[in-house]
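The shown structure was predicted, so the numbers you read here are calculated from the model rather than taken from an experiment.
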Amino acid sequence: MGSMKTLDFRSDTVTRPSPAMRRAMAAAEVGDDVYKEDPTVNKLEALAAEMLGFESAVYMPSGTMTNQVALLVHTQRGQEVILTQGAHIYEYEPGSMATLSGAVPRFVPAPYGVPEPQEIRRAIHASPFQSPTGLIALENTHNTAGGTVVPLTVQQEVIEIGREAGLPVHLDGARIFNAALVLGVEARRVAAGFDTVSLCLSKGLGAPVGSLLLLPAELEPLARRYRKMLGGGMRQAGILAAAGLIALQEGPRALARDHAMARELAEGLMRLGMQIDMRSVQTNMVFAKVADAPSYAARLKELGVLINALGPERVRFVTHRDLPDEAVSSALELVEKALAQRSR
Ligand SMILES: Cc1ncc(COP(=O)(O)O)c(C=O)c1O
């Protein structure tokens, strides 16, 4: 690779804290957050709760922890959680459900991440001979479906179904601001009606670490207890929350660039003959079908383009704020080169 600058399209989690974040981190006022005495964490939690329209928010190290604490708060061992096919909560939170809450997944089909609400209704178990349903969870945007957006009408229908059945409904909103941008509404509209929402600061928003679980005040003490149980009581976490505050305040408005870059990249890759379902290119992700994903990713890596192979025939490009303006045109040139090398 020599001195060539690597273009990292593996994930929006690879972003590094900006100079402003570094300054805020260095200057952060801190205290012991396990005693709720870290003023910067308290400020971040209050801001998140206010922005998302919730009574409370709890800061945690990762989106996996906010999702799994939600499961712990809502479910009991042996209960089912209705999830959309490919949900991060199950597919990429390695054995967490089984190990922690002991809940079991029941998947409903979700083309482009969008379930048919009636399928969710039918998936609810009422019979005493089956595992009782404990929770319904949606994901918006839906990562494995392509970073796709779930319409508000579908969310509302699912929330209604949950309410009628007396079941809580959780949103894995790791990228809720990406969804809000496409839906043309504030993030609080996307979060409205859910019992709990998980959102990540360390993806497109650019913070180095951290996620928030939004919840009603009555569930907060239990969520804090589970956070502590899992080792997520981080003491002077204000050092990290200081960057999180900037991410929450300034991150959302930078996402339009990521979405535009993803679209441009997808169109360019299609022109080069790659198989892409453009219907799934809605936010900052581009999934393409290739013959041998691991070797394709390895070839691009040699040329200085990092991507993830997700499955034997699927690669994923993700755009984010740390990619330079010319990243898409450079990447397209390098992909073309990789194709030419192969056909030689
Ligand atoms: C949809 C979704 N939920 C949750 C997470 C978990 O976040 P973390 O990596 O911080 O545990 C991710 C991370 O990629 C995600 O894409």
Side-chain angles (χ1 to χ4, degrees), residues 1-22 62-63 88 91-92 141 143-148 174-175 178 200-209 243 247 251 254-278 280-344:
M1 274 195 265
S3 62
M4 189 175 49
K5 194 150 171 26
T6 301
L7 295 170
D8 196 343
F9 287 96
R10 286 173 302 168
S11 176
D12 47 9
T13 57
V14 301
T15 51
R16 297 186 172 103
S18 65
M21 286 180 187
R22 297 257 190 192
S62 69
H88 194 281
E91 299 291 350
Y92 289 97
T141 62
N143 184 343
T144 65
T148 50
R175 296 183 181 79
N178 298 77
C200 290
L201 302 166
S202 66
K203 302 206 158 64
L205 303 184
V209 174
L255 295 176
R257 175 180 178 266
D258 300 354
H259 293 192
M261 282 174 94
R263 175 152 285 276
E264 199 191 323
L265 179 67
E267 285 166 356
L269 291 170
M270 293 255 290
R271 278 197 301 275
L272 295 176
M274 274 182 94
Q275 271 190 62
I276 294 170
D277 176 359
M278 285 303 285
S280 75
V281 182
Q282 301 177 9
T283 59
N284 65 334
M285 296 185 186
V286 179
F287 282 80
K289 190 164 180 268
V290 294
D292 179 351
S295 75
Y296 188 88
R299 261 199 331 276
L300 277 190
K301 187 178 175 184
E302 277 176 29
L303 295 170
V305 180
L306 303 183
I307 57 171
N308 274 336
L310 298 177
E313 295 190 326
R314 221 166 166 230
V315 290
R316 187 186 73 172
F317 295 76
V318 183
T319 55
H320 54 79
R321 55 195 283 138
D322 279 8
L323 288 167
D325 285 340
E326 68 282 5
V328 169
S329 54
S330 305
L332 290 172
E333 274 174 36
L334 292 164
V335 168
E336 200 170 5
K337 206 163 148 188
L339 292 171
Q341 274 176 0
R342 203 168 51 141
S343 57
R344 248 187 303 176

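The structure places OG of Ser329 at 9.5 Å from CG of Leu334, a figure rounded to the nearest 0.5 Å. Here the CG-NZ distance, from Leu205 to Lys203, works out to 9.5 Å after rounding to the nearest 0.5 Å. Distance check: Leu339 CG to Tyr296 OH gives 5.0 Å after rounding to the nearest 0.5 Å. Rounded to the nearest 0.5 Å, atoms OG1 (Thr141) and CD (Gln282) are 9.0 Å apart. For the atom pair CD of Glu326 and CD of Glu333, the computed distance is 10.5 Å after rounding to the nearest 0.5 Å. Rounding to the nearest 0.5 Å places CG of Leu306 at 9.0 Å from CG of Leu300.
Taking the side chain as every heavy atom from C-beta outward, Arg175 and Met285 approach each other to under 4.5 Å. With a 4.5 Å cut-off on side-chain heavy atoms, Leu332 and Leu272 count as touching. Tyr92 is not listed as a side-chain neighbour of Asn143, based on a closest heavy-atom distance of 4.5 Å or more.
Using a distance-only test at 3.5 Å, with no hydrogens or angles considered, no donor-acceptor pair links the side chain of Arg314 to the main chain of Ala293. No side-chain donor-acceptor contact under 3.5 Å links Ser11 to the backbone of Val14. A donor-acceptor contact shorter than 3.5 Å links the side chain of Thr283 to the backbone of Gly147. Arg16 contributes no side-chain N or O that, together with a main-chain N or O of Pro208, makes up a donor-acceptor pair within less than 3.5 Å. Judged by distance alone, with hydrogens and angles left aside, the side-chain atoms of Asn284 form no donor-acceptor pair with the main-chain N or O of Val318 at under 3.5 Å.
Contact between Ser330 and Leu7 at its shortest, heavy atoms only, is CB-CD1, 3.7 Å. Between His320 and Asp258 the shortest heavy-atom distance is C-OD1, 3.4 Å. The two residues Met278 and Met270 have their closest heavy-atom pair at CG-CE, 3.7 Å. Contact record, Gly204 with Arg321: O-CD, 3.5 Å, taken as the closest heavy-atom pair. Ile276 and Ala266 get closest at one heavy-atom pair: CD1-O, 3.7 Å. Nearest heavy atoms, Leu323 versus Phe9: CD1-CE2, 3.5 Å.
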Before giving the answer on side-chain contact (heavy atoms from CB on, under 4.5 Å), spell out for Thr319 and Glu264 the whole-Å C-alpha distance, their side-chain angles and the decisive distance to 0.1 Å. CA-CA 11 Å; Thr319 55; Glu264 199 191 323; over 6 Å; no

For Asp325 and Arg257, what are the C-alpha separation, side-chain angles and deciding distance, and is it a salt bridge (Lys or Arg N to Asp or Glu O under 4.0 Å)? CA-CA 9 Å; Asp325 285 340; Arg257 175 180 178 266; 2.9 Å; yes

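A salt bridge links Glu267 and Arg263; the closest N-O separation between the charged side-chain nitrogens and carboxylate oxygens is under 4.0 Å.
No hydrogens or angles considered: a donor-acceptor pair under 3.5 Å links the side chains of His259 and Asn178.
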